Amino acid sequence: MSKLRVIQWATGGVGKAAIECVLNHPRLELAGCWVHTASKNGADVGDIVGAAPLGVKATTDVDEVLALDADCVVYSPLVPNDEEVLAILRSGKNVVTPVGWVYPDLSNPRHQAIADAAVENGVTLHGSGIHPGGITERFPLMVSSLSSAVTHVRAEEFSDIRTYNAPDVVRHIMGFGGTPEEAVQGPMASLLESGFKMSVRMIADHMGFRIDPNIRTIQDIAVATSDIDYDPFPITAGTVAARRFRWQALADGEPVITAAVNWLMGEENLDPDWNFAERGERFEVEITGDPTVSLTFKGLQPPSIAEGLRRNPGVVATANHCVNAIPDVCAAGPGIKTYLDLPLFAGRPARNLAVTA
């Protein structure tokens with residue numbers, strides 16, 4: 001069986017991890033790589049990810065990378081661009097991505113345009129990831145099959161944001177270290193809400209919840225009571241040191257589905273006095289019903305700040321969840337395909353444990 005050829009689009013934390021997963025996957029091979037910065041243009045992709053040379057050169061030229069013979073693009077920029085995705089689909093390449101389209105609303109003209117481009121060019125787009133993109137919909141749906149008479153579905157993240165190795169994003173997009181007013185007015189809520197609202201609606205639609213038309217968004221902020229040790233920039237007293245977001249589907253005014261994020265700059269010197277409780281950093285899925293079932297994911301947060309800055313397992317898992325879907329995405333019919341449309345896909349064993357042809 002010939003291998004599927006994959007292009008990596010952007011080489012931030014997710015992009016680098018996606019390249020590693022492609023190299024480890026027996027059915028995939030790396031065909032090309034698009035990069036944003038001129039300093040990476042022409043570099044061997046192996047050098048970019050800290051591996052041996054791969055013989056694949058990175059390029060900043062969109063036309064050059066789209067002209068490559070490839071089956072799929074792992075599209076992982078910081079912020080999605082519809083025009084880029086349309087160009088990839090029109091070049092006849094499938095797309096997997098952690099930055100949107102987990103459960104698109106085709107009454108939205110932008111989403112419909114993406115779906116139309118995929119169909120017209122005989123290719124497939126699949127939105128994936130972890131949170132949103134798995135913890136918030138794939139795993140709750142799976143766990144809910146153990147319960148009956150469900151009254152509430154909750155998926156929630158508890159993370160120390162100091163392990164996220166993108167200080168410019170933490171400061172200027174997430175709003176940490178600024179005033180509460182700046183954070184509330186900043187871009188973070190709008191960047192998050194599209195994906196998380198899709199997750200909530202997927203659960204509502206697939207499980208058959210009768211919900212109110214609007215998904216409720218709640219955000220809360222904790223400020224530092226004194227300086228917090230964070231190397232990239234100062235977190236001083238009175239500035240934002242923790243953020244919470246909730247997206248809730250309501251039935252008769254009461255929440256029945258909740259997706260939530262808790263990001264803290266550690267557990268000290270916060271007002272309100274938030275913490276991770278005895279279970280520490282984690283992701284949780286809880287189905288309230290008969291019986292009530294809960295599932296805690298550990299290992300997606302690093303054991304220390306230093307280790308997280310070297311290689312954050314949550315970022316790696318996000319990339320892996322996309323890459324492991326590629327064979328089934330390439331085999332699917334054209335259009336936008338969600339977890340509800342694809343067969344169950346899995347990770348692959350280490351090469352020394354894998355069946356060989």
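Index from 1, following the sequence. For clarity, every value in this text was computed on a predicted model and none was experimentally measured.
No side-chain heavy atom of Val102 sits under 4.5 Å from any side-chain heavy atom of Thr338. Between Ile287 and Leu146 the shortest side-chain heavy-atom distance does not fall below 4.5 Å. Taking the side chain as every heavy atom from C-beta outward, Glu84 and Val62 never approach each other to under 4.5 Å. Annotation: side chain of Val95 is not in contact with side chain of Trp101 (no heavy-atom distance under 4.5 Å). No side-chain heavy atom of Val96 sits less than 4.5 Å from a side-chain heavy atom of His321. Within the 4.5 Å cutoff, the side chain of Val261 has heavy atoms near those of the Trp247 side chain. You'll find the side chain of Phe209 stays beyond 4.5 Å of the side chain of Arg201, heavy atoms only. Side-chain contact between Ile161 and Met265 is present, with heavy atoms from C-beta onward closer than 4.5 Å.
In terms of hydrophobic clustering, with Ile, Leu, Val, Met, Phe, Trp and Tyr side chains grouped at heavy-atom distances under 4.5 Å, Val79 and Met188 are assigned to a common cluster. A continuous path of Ile, Leu, Val, Met, Phe, Trp and Tyr side chains, each step under 4.5 Å between heavy atoms, connects Ile19 with Leu78, placing both in one hydrophobic cluster.
Checked against the 6.0 Å centroid threshold, Phe283 and Phe139 do not count as a close aromatic pair. His172 has its ring centre no less than 6.0 Å from the ring centre of Phe233.
Put simply, the side chain of Asp212 never gets that close to the backbone of Asn214: no donor and acceptor are under 3.5 Å apart. Checked by atom type and distance alone, the side chain of Asn269 never pairs as donor or acceptor with a backbone atom of Thr225 at under 3.5 Å. Although no hydrogens or angles enter the test, the distance criterion places no donor-acceptor pair under 3.5 Å between the side chain of Tyr339 and the main chain of Ser128. In terms of modelled atom types and a separation under 3.5 Å, the side chain of Ser147 and the main chain of Ser144 share no donor-acceptor contact. Distance alone, capped at 3.5 Å, is enough to place a donor-acceptor pair between the Asn312 side chain and the Thr163 backbone. Without hydrogens or angle criteria, Lys197 side chain to Arg216 main chain gives no donor-acceptor distance under 3.5 Å. The main-chain N or O of Gly134 is found under 3.5 Å from a side-chain atom of Glu137 such that the two form a donor-acceptor pair. Judged purely by atom type and a 3.5 angstrom limit, Asn94 uses its side chain to pair as donor or acceptor with the backbone of Asp71. Lys337 contributes no side-chain N or O that, together with a main-chain N or O of Asp328, makes up a donor-acceptor pair within less than 3.5 Å. The backbone N or O of Thr60 lies less than 3.5 Å from a partner atom in the side chain of Trp34, making a donor-acceptor pair.
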| field | Residue pair Arg246, Glu156: steps toward the salt bridge (Lys or Arg N to Asp or Glu O under 4.0 Å) verdict | value | CA-CA 9 Å; Arg246 300 280 187 278; Glu156 189 158 5; 3.1 Å; yes
| request: Test side-chain hydrogen bond (donor to acceptor under 3.5 Å, both in side chains) on Asp105 and Ser107 and set out the steps. | output: CA-CA 5 Å; Asp105 177 5; Ser107 68; 2.7 Å; yes
| Is there a side-chain hydrogen bond (donor to acceptor under 3.5 Å, both in side chains) between Gln8 and Ser76 once you walk through the steps? | CA-CA 8 Å; Gln8 175 56 44; Ser76 61; 2.8 Å; yes
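Shown here is Phe297, whose CZ atom has more than 12 heavy atoms of other residues, nucleotides or ligands within 6.0 Å. Shown here is His36, whose NE2 atom has no more than 12 heavy atoms of other residues, nucleotides or ligands within 6.0 Å. Within a 6.0 Å radius of CD in Glu268, other residues, nucleotides and ligands contribute 12 heavy atoms or fewer.
Between Trp9 and Tyr75, the two ring planes are tilted [angle within 30° to 60°]. Using a 30° and 60° split on the angle between ring planes, Trp263 and Phe245 fall in the perpendicular class, above 60°.
Ionic pairing of Glu20 and Arg311 is present here: one or more N-O contacts between side-chain nitrogen and carboxylate oxygen are shorter than 4.0 angstrom.
The closest side-chain donor-acceptor pair between Gln301 and Asp160, if any, does not fall under 3.5 angstrom.
Across all non-hydrogen atoms, the minimal contact from Cys322 to Thr97 is SG-C, 3.8 Å.
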